[in-house]
2 protein chains.
Amino acid sequence: MARTAEEVAAELRGRIQRAELRAGDRLPTMTGLVEEHGVSRQTVREALNLLKREGLVEYRGGRSGTTVRERPVTRLVRSRGMERDHLGYYSGANVQHWRLVPGTRTTVTTEPVPGDIADLLGIEAGTPVIARKRLNGDPENELHRQLTDSWLHPAAVEALPVLAGDSGLGGIYDRIEEWAEQPIVWEEGVTAVTPSPAEAGALLLPSGVPLLRVIRTSTVKIDGRPLVVEANDIRMSAELFSVRYPITRRGAARWPVQPASADFYTN
Amino acid sequence: MARTAEEVAAELRGRIQRAELRAGDRLPTMTGLVEEHGVSRQTVREALNLLKREGLVEYRGGRSGTTVRERPVTRLVRSRGMERDHLGYYSGANVQHWRLVPGTRTTVTTEPVPGDIADLLGIEAGTPVIARKRLNGDPENELHRQLTDSWLHPAAVEALPVLAGDSGLGGIYDRIEEWAEQPIVWEEGVTAVTPSPAEAGALLLPSGVPLLRVIRTSTVKIDGRPLVVEANDIRMSAELFSVRYPITRRGAARWPVQPASADFYTN
DNA sequence: CAGTGGTCTAGACCACAAC
DNA sequence: TTGTGGTCTAGACCACTGA
C-alpha cells in the first residue's frame with residue numbers, strides 16, 4: 001500500500017515500464033487510484049504531476065482521462081556539419097532549406113542582445129542588435145520543430161548592410177565570405193536548459209523535457225582579429241534530438257588518419 | 001493580489017530577477033507569503049516548488065528557511081577534442097588524467113547493456129558487457145563533477161583481453177590503435193535528459209536541472225568493417241557545462257581554409 | 001451532461017537545523 | 001527548544017471533452 005506521492009508514482013511508473021500500460025492506454029482515474037492506494041486526492045494528483053513532468057503520461061482534458069504518452073523510441077540524430085544544400089546555400093548538413101518548410105515563421109527585429117549571446121559576439125549586453133528569429137512548430141513533422149535565433153554583430157551589418165534585410169538566411173554566409181575573402185570558421189557550443197513556457201508551447205514540449213540548445217558562431221578574421229559575425233541560437237527538444245560531431249585529434253598519429261565515418265553527412 | 005501558485009511564483013521570480021533578492025537571501029516564510037498574497041499554504045508550497053525546480057531557490061532544511069540559490073554566472077566551456085595528456089594518454093582536451101582527481105571512484109562490472117548503448121555498439125540490448133563506471137562527485141570542485149560509463153564491445157575484449165582489466169582508462173585507446181593498426185575515429189552525440197535521483201545525488205544537482213549527456217564512440221575498421229569498440233557515456237550538469245565543437249565543412253572552399261580558432265584546445 | 005483532471009482552502013503532523 | 005518547510009487528508013468548485 002503506497003502512502004506517499006512518490007510511491008504511487010513509482011508504482012505507476014513500474015506498470016508503464018513493464019509495458020502493462022502502453023502508449024495511449026488510460027491510467028486508472030484519480031478516484032480509482034485514491035481507493036486503490038488509500039491516499040488522498042491531492043497525493044494522487046502530485047503523483048500524476050511527477051509522471052507528467054517526466055513525460056510519461058499526459059492529460060488532454062475532458063473525459064478521456066490521463067493516458068500513457070507516446071514516447072519517441074530513439075532520438076533523431078542530427079550530424080552537425082556545413083555544406084551547400086540543393087539550392088546552393090550553406091546550411092546544416094541534411095537540413096532542407098527552411099524557407100520551404102511549412103509552418104515556418106520568420107521575424108526580423110532589432111532588440112537588446114541577451115548576456116550570453118553578447119559574450120559570444122564580444123559586445124556589451126543590452127546593445128541593440130538585429131535578430132532574425134525563426135519559429136518552427138509544425139505539428140505535422142517533429143523533425144521541423146525547432147527555434148532559431150540569429151544574432152548579427154553590429155560591425156558586420158555596418159560593413160555589409162545586405163545582412164539587415166530579410167534576404168533569406170542561406171545567402172548570408174556566402175556574403176560574409178565574399179566580404180572577408182576567407183572561409184568562415186564555425187563552432188558550436190551545446191548545452192541544455194529547462195524550456196520557458198513560451199518555448200515549451202511553441203515546440204509542443206511536455207513540461208519536464210529539457211531543451212537542447214546549440215549555439216553556432218561564425219567567425220572570420222577582419223584586420224587580423226577574429227570577429228564573431230553571427231551567433232545562431234538553436235533550440236530543440238532533447239527528447240527528440242541528439243546532435244552528432246566528429247572529434248578532432250591533435251598531435252601526430254602513428255597511422256594514416258581516415259576521414260570521419262562515411263555516413264556522417266547522410267543521416 | 002496573486003491567487004494562483006503560478007502567480008505567486010511569478011511575483012517571487014520577478015523579485016529575484018530584479019535582484020531585489022540576491023543569492024543567499026532568505027525568501028519570506030510560507031506563513032508570510034500566505035498572508036501577503038491571501039492564498040493557502042498549499043498554494044504557496046506549490047509556488048516554491050516551481051521555483052525550486054527551476055533552480056532559483058533552495059531549502060536546506062531547518063530554521064533558515066528558503067533561500068535564493070547561487071547560480072553559475074556562465075557555463076564552463078569544454079572544448080571537445082582528443083589529444084595526449086601530460087602523462088601521454090589519450091584524453092579529452094584539457095581534462096586532467098582522472099585517476100589523479102580526488103574523489104574519483106571507478107568500478108568495473110559486467111552487466112546487461114542498455115538499449116541505446118547496444119544500438120551504438122551494434123549488439124543486442126541486454127547482452128552482458130564489461131562496463132567501467134566512474135563517478136566523480138567531488139564537492140570541492142564543480143569542474144570534476146561528472147559521471148562516465150565506458151561500455152566495451154565484446155568482440156574487442158575477446159581480441160584484446162587487456163581491456164577487461166582495470167588498467168587505467170587512458171591506455172586503452174593506444175592498445176586499440178596498436179591492435180587495429182589504424183587511428184581510432186571518434187564521434188560524439190550530445191543530448192540531455194532529466195537526471196535520475198541517483199544521478200542528481202551523485203552530481204549534487206538541484207532538482208530541475210537537466211543533465212547533459214555526451215556519448216562518444218570509438219570506431220576502427222576490422223576486416224574492412226567498422227567496429228564500435230567502445231561507447232563512452234558522460235553525464236554532467238547542463239547548468240554548469242557547455243560542450244564545444246568545431247564544425248566540419250564539406251565541399252570545396254573558394255578561399256584557403258583556416259584551422260579552428262587558435263584557443264580551441266586551450267580553454 | 002456526466003465524468004475527467006486542475007486547483008484552491010483549511011487543518012494536521014512530521015523532520016530538521018539553528019538558536 | 002523553536003520555527004522552518006515537507007507532506008498528507010478532506011472537501012470544495014471549476015473547465016473541459018466526449019458520449
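All values reported here derive from a predicted model rather than from experimental measurement.
Going from atom CE of B:M30 over to atom C1' of D:dT4 covers 10 Å, rounded to whole Å. Nucleotide D:dT7 holds its P atom 12 Å from the CG atom of B:L48, rounded to whole Å. Straight-line distance from the NZ atom of A:K52 to the C1' atom of C:dT7: 11 Å, rounded to whole Å. In this structure, B:N49 atom CG and C:dG6 atom P are separated by 16 Å, rounded to whole Å. Distance CD (B:E46) to C1' (C:dA10): 17 Å, rounded to an integer number of Å. The interatomic distance linking B:R45 (CZ) with C:dT9 (C1') rounds to 14 Å, in whole Å. Rounded to an integer number of Å, the gap from B:H37 NE2 to C:dC8 C1' is 15 Å. The distance between atom CD of B:Q42 and atom P of C:dG6, rounded to the nearest whole Å, is 15 Å.
Taking the charged nitrogens against the carboxylate oxygens, B:R15 and B:E36 do have a contact shorter than 4.0 Å, which makes a salt bridge. B:E188 has no carboxylate O lying under 4.0 Å from a charged side-chain N of A:R244, or vice versa, which leaves the two without a salt bridge. Remark: B:K133 engages B:E111 in a salt bridge, criterion side-chain N to carboxylate O under 4.0 Å.
When the nucleotides C:dG5, D:dT7, C:dT9 are ranked by their closest atom to the side chain of A:T66, C:dG5 comes out on top. Of the candidates D:dT4, D:dT7, C:dT7, the closest approach to any side-chain atom of B:T31 belongs to D:dT4. The side chain of B:V39 approaches C:dT9 more closely than any other nucleotide in the set D:dC8, D:dA12, C:dT9. Relative to the side chain of B:R41, the nucleotides C:dT4, D:dG6, D:dC8 differ in distance, and D:dG6 lies closest. Checked against C:dT7, C:dC19, C:dC8, the side chain of B:T43 finds its nearest nucleotide in C:dC8. Distances from the side chain of A:Y59 to the nucleotides D:dT4, C:dG6, C:dT9 place C:dG6 closest. The side chain of B:R63 lies closest to D:dT2, out of D:dT2, C:dG5, C:dC8. Nearest to the side chain of B:S40, among D:dC8, C:dT9, D:dT17, sits C:dT9. In this structure, the nucleotide among C:dA17, D:dG5, C:dA10 sitting nearest to the side chain of B:T29 is D:dG5. Closest to the A:R26 side chain, of the nucleotides C:dT4, C:dC19, D:dC8, is C:dT4.
Position along DNA chain D of the nearest nucleotide to A:E6 versus A:G62 favours A:E6 as the more 5'-ward residue. Of the two residues contacting DNA chain D, namely A:G61 and A:V44, the nearest-nucleotide position lying further toward the 5' end is that of A:V44.
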CA sep, side-chain torsions, deciding dist, call: A:V129, A:T110, side chain to side chain contact (heavy atoms under 4.5 Å, CB included): CA-CA 5 Å; A:V129 163; A:T110 300; over 6 Å; no
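Between the B:R26 side chain and the B:S64 main chain, a donor and an acceptor come within less than 3.5 Å of each other.
Looking only at side-chain heavy atoms (C-beta outward), B:R71 and B:E239 come within less than 4.5 Å of each other.
The base of D:dT4 does not come close enough to the side chain of B:R60 for any donor and acceptor atom to sit less than 3.5 Å apart.
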